Number of protein chains: 2
Amino acid sequence: MSITRGRAVTISDVATAAGVSRAAVSKVIRNAYGVSPGMRRRVEAAIEELGYRPSVAARALRGSSYRLGLEIPYVSARFMSQIVEGATRAVADTPYQVVLAPADGPEYSTLESLADGLVDGIIAVSPRVDPPWLEELARRVPIVMLGRHDDPQGYDTVVGDDAAGAGAVMEHLFALGHRRIAHLTEPEAVNVATPVTPHVVRVAEYRARMAAAGLEPIIEVARWEDGDTGVREATARLLARPSPPTAIFAGHDDIALIVLAGVAAAGRLGEVSVAGYDNTDIAQHPLIDLTSVDQQGAEMGAQAATMLLERLRGRTERRQHMVSTRLQVRGSTRPPLP
Amino acid sequence: MSITRGRAVTISDVATAAGVSRAAVSKVIRNAYGVSPGMRRRVEAAIEELGYRPSVAARALRGSSYRLGLEIPYVSARFMSQIVEGATRAVADTPYQVVLAPADGPEYSTLESLADGLVDGIIAVSPRVDPPWLEELARRVPIVMLGRHDDPQGYDTVVGDDAAGAGAVMEHLFALGHRRIAHLTEPEAVNVATPVTPHVVRVAEYRARMAAAGLEPIIEVARWEDGDTGVREATARLLARPSPPTAIFAGHDDIALIVLAGVAAAGRLGEVSVAGYDNTDIAQHPLIDLTSVDQQGAEMGAQAATMLLERLRGRTERRQHMVSTRLQVRGSTRPPLP
DNA sequence: ATGAAAGCGCTAACAG
DNA sequence: CTGTTAGCGCTTTCAT
């Protein structure tokens, strides 16, 4: 039952079968200039018959792998699905394919290993790598960063309008009559040394709105590394305050879900409003019914892929794109108890 | 502001810098036999100084890319995260990396493009490709199929114990006193021409249990292609029957979530029990609280990766691994109304 | 319009 | 223990 790995069909095999040179076959498969209809026909017939498929490795060594790498921080994040979907849709009619690289550990190494020749370009959702390092990497391979409010030289960015999104949440909560509004965010967002991530912007907007309303910000940080526990404890701390918040604005839906669980565990469901961010699919579930900011993840993914393709076609000036947001109001936010 | 793509550092640069041959460098980076400590030190210093990273393309052309491809049908599926996590964990201490290939369209082409030299081996979650075709592909590249009850020659399989899992659900529901139990599954599962997927096994077990209890199976099929709508309508059809089921056993959690929404929409929450399969993270959320079968997705992913590594190290006999299941009972299943 | 030939960066086989 | 050499499969000038 031992298996002999079949040697793959190479361009030489096709050339021999079609009675032409390898260069000719290469031209045909790349739709390059200078092929007679007759030759094209014969070559295509041979390709079909032998079931030839070009080796990605060999192509990559010579130039392009026709693969775009999409680096994503943690696959579980529901928001990522939207981005992946948008990116794959955007390359659907091109010879390019999207491959995903889950950043299990440090994002630096995931990005580097992508850059090691596996892909022609990189789309990355990496809040924690710092801009100078990225500039350096961008010298080797085209990069589009998602969700970074950087001011880059060598790479492109696609971001949501985080200020507007966070602002919309705050306005909504104020309009409902809330005053004691807490914000629950990720550690990275309160560390000033960090690059400007979406969460940094959301926190800033939250602070600004609270200040403008003459209110003291109530910020709690959930250490995401602790998993659900961190968020759950942060929620508990908020609810245990002498004057607990009447509304909690969570940095994103995954946090909001756990906050919701915490509020339910405290038996205060319906009493404490909760808003999220990303409008992931579960937010619309009637049993969750979470008010959230839709920032068009699919659109972001598609834009990023398109911009990367432009780079591959030769664009060298940087581009920055911002997608708009829309607040999706649902049942998880209501007026505070009188 | 035009950017000059930096030429990458190659093995030759390192060799020159260290004053040794390229072969020597190659040996060092592969920890191969026959390197003096002195040479190793010099080479490693040069690598460090120049920031050398081996080209994946060149390596792949010569043999191995040190990449494992994980093909997944639709990224949104919550169950997939567990598999990805397990697989990446399993390769963490090896030179291998996991890359994900989302099967946006037909799975055949995704698998083929993975086999085109991008990866050294493939883990696939593709219920719809047929066994002979897989055998063919397996001749070119090692493959481990997840969730297939095939009897393969050239590839390995990792499956959950779907019969036991489905049986446990049925026993649980019977024990609660349910008799009119419906099953809501995917189209593929009722098409006999299809390969033996987990859903086929679950349906069979469901049928067997209903028959053994002297009951008529009530099966509704949700066309997943229709998205949520299909499941929602199927749920509505079930609830609209003259004698509606008192419990619905959904083929997996993503279906169960929509069923739950449908039951809620019909105002029959708590009246109609719902059970799912996969025990995805959202199932434990207190607002969802879904009874579900845990089939250890992470364990499956880890097993699959390990088996693939074995293949790459030379194993040629096939292996099949089955992971056990455990029913996680939660609030979504309770006794029927009297 | 077609083909010959060089070479991308690396590894494996062999020679020294 | 170390270096030389010959490709892996493809694309790309450059002749013809």
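It should be emphasised that the depicted structure is a prediction, and the values quoted were computed from it without experimental measurement. First the proteins, then the strands, lettered A, B, ... as listed; each starts at 1.
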* Asked: Rounded to whole angstroms, how far apart are CG on A:D120 and P on D:dT11?
  ->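 My rounded result for the distance is 12 Å.
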* Integer-rounded Å distance: D:dC1 P and B:N31 CG ->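 Result: 14 Å.
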* Asked: Would you call A:D120 and A:Y96 a side-chain contact if the rule is heavy atoms closer than 4.5 Å?
  ->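 The answer is yes; the side chains approach within 4.5 Å.
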* So, do B:S113 and A:R67 sit near enough that their side-chain heavy atoms are less than 4.5 Å apart? ->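 They are in side-chain contact.
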Between atom [atom1] of [X] and atom [atom2] of [Y], what is the distance when rounded to the nearest 0.5 Å?
X      : Y      : atom1 : atom2 : value
B:D150 : B:M145 : CG    : CE    : 7.0 Å
B:L308 : B:L70  : CG    : CG    : 10.0 Å
A:E49  : A:E44  : CD    : CD    : 14.0 Å

* What does nucleotides 10-16 of chain C look like as a protein-contact string, B for base, S for sugar-phosphate only, - for none, at under 4.0 angstrom between heavy atoms? -> BBB----
* 5'-most by nearest nucleotide on DNA chain D - B:L61 or B:Y33 ->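 Closest to the 5' end, via its nearest nucleotide, is B:Y33.
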